[in-house]
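All remarks here apply to the structure that follows.
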Number of protein chains: 2
Amino acid sequence: METTAYAKDCPSRQILDRIGDTWSVLVVGMLADGPQRYSSLAKRIEGISPKMLTQTLRGLERDGLIGRTVYAEVPPRVDYELTILGLSLLDLVRALSRWAETHIGDVQAARVAYDNPGVRVSVSS
Amino acid sequence: METTAYAKDCPSRQILDRIGDTWSVLVVGMLADGPQRYSSLAKRIEGISPKMLTQTLRGLERDGLIGRTVYAEVPPRVDYELTILGLSLLDLVRALSRWAETHIGDVQAARVAYDNPGVRVSVSS
DNA sequence: CCGTATCCTCCTTGATACTG
DNA sequence: CAGTATCAAGGAGGATACGG
């Protein structure tokens with residue numbers, strides 16, 4: 001029952017959980033372009049609901065990956081930006097992207113092979 | 001509705017999905033020690049159910065990350081091992097671990113700060 | 001403008017019993 | 001030994017209406 005003492009404490013798992021989260025990665029990617037407001041992020045990240053956007057931003061802020069600045073203006077204005085730590089994570093995400101772009105071909109080929117057992121490529125007779 | 005054209009096609013997302021998966025990472029980590037049988041993995045990965053183990057192994061196999069070898073013996077014997085591609089992914093996972101170990105302190109400190117607003121560290125008066 | 005509150009649905013996972 | 005089949009439960013996420 002108590003199962004995975006591993007999953008909870010392990011630093012890698014905590015980071016993986018964040019990095020494995022779709023919206024978090026997208027938000028960090030967007031903020032790579034510079035500080036942005038809530039509404040800007042909402043518009044640019046297609047398909048995200050206010051609930052998920054807020055939830056994602058709070059999580060990233062809590063982990064010290066992004067900063068949140070409230071301007072005392074009317075109408076209200078809130079900017080989010082990457083922290084140094086967030087920029088460092090961005091590097092990591094980009095390393096991941098590089099790996100993905102390099103190897104996705106192999107993965108997809110493997111999938112095709114797995115899904116079509118016994119089929120030879122480009123051999124008709 | 002159709003939302004994220006992004007999420008589905010993007011190579012990064014596909015790899016992230018795999019890497020973000022707890023059991024997949026654990027299995028890959030176990031196989032870093034060399035080829036192993038199903039039962040060995042089941043025993044060493046605490047808390048995993050046969051269903052999830054099989055499901056995870058199939059997924060990794062389909063993506064070309066691990067190989068599966070069946071020996072015609074009695075009792076049955078099946079070995080799993082990392083492929084070259086799987087070893088490459090292992091490198092990536094280790095890079096992630098390194099980042100995590102390096103920065104987890106910052107993240108945890110940020111969390112404490114976030115969860116205890118206004119509290120100053122080590123200042124009692 | 002920047003969110004929060006609510007409801008609801010699906011999907012993943014877990015537990016467990018069983019088979020080739 | 002190496003899985004498969006089945007069922008139930010929980011939580012993550014989407015849609016949406018409303019508040020400061």
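Labels below follow one simple rule: chain letters A, B, ... track the order of the sequence lines, proteins then strands, and each chain is numbered from 1. Just so it is clear, the model here is predicted, and its values are computed rather than measured.
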Taking [atom1] from [X] and [atom2] from [N], how many angstroms apart are they, rounded to a whole number?
X        : N       : atom1 : atom2 : result
Glu73(B) : dC1(D)  : CD    : P     : 13 Å
Leu41(B) : dC1(D)  : CG    : P     : 14 Å
Ile48(B) : dT16(C) : CD1   : P     : 16 Å
Glu46(A) : dG14(D) : CD    : C1'   : 15 Å
Leu26(A) : dG13(D) : CG    : P     : 12 Å
Arg18(B) : dT12(C) : CZ    : C1'   : 14 Å
Asp21(A) : dG14(D) : CG    : P     : 10 Å
Asp17(A) : dA12(D) : CG    : P     : 11 Å

Would you say Pro76(A) and Tyr71(A) make side-chain contact, with heavy atoms under 4.5 Å?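 With C-beta onward as the side chain, the pair stays apart.
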Would a 4.5 Å heavy-atom cut-off, applied to side chains only, mark Leu85(B) and His103(A) as touching? yes
Out of dG20(D), dG14(D), dA2(D), which has the shortest distance to the side chain of Pro76(A)?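 Nearest nucleotide to the side chain: dG20(D).
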If the cut-off is 4.0 Å, is [X] near the phosphate of [N], judged by side-chain N/O to OP1 or OP2?
X        : N      : result
Arg77(A) : dC2(C) : no
Ser39(B) : dA2(D) : yes
Arg37(A) : dC2(C) : yes

When the nearest nucleotide of DNA chain C is assigned to Gln55(A) and to Pro75(A) on a heavy-atom basis, which residue is associated with the more 5' position?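 Whichever sits nearer the 5' end wins; that is Pro75(A).
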More than 12 heavy atoms of other residues, nucleotides or ligands under 6.0 Å from CZ of Arg94(A): yes or no? no
Between Arg13(B) and Asp17(B), does any side-chain N to carboxylate O distance fall below 4.0 Å? yes
Counting only N and O atoms by type, is there a donor-acceptor contact under 3.5 Å from the side chain of Thr56(B) to the main-chain atoms of Trp23(B)?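 Looks like no, no N/O pair under 3.5 Å.
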Closer than 3.5 angstrom, by distance alone: can the side chain of Ser97(A) be matched with the main-chain N or O of Val93(A) as a donor-acceptor pair?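 Checked: pair present.
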At under 4.0 Å between heavy atoms, which parts of nucleotides 3-11 of chain D does protein reach? Answer with one letter per nucleotide, 5' to 3': B base, S sugar-phosphate only, - none. BB-B-----
List the residues meeting side chain to side chain donor-acceptor pair (under 3.5 Å) with Arg68(B), not counting sequence neighbours, and say none if there are none. Tyr80(B)
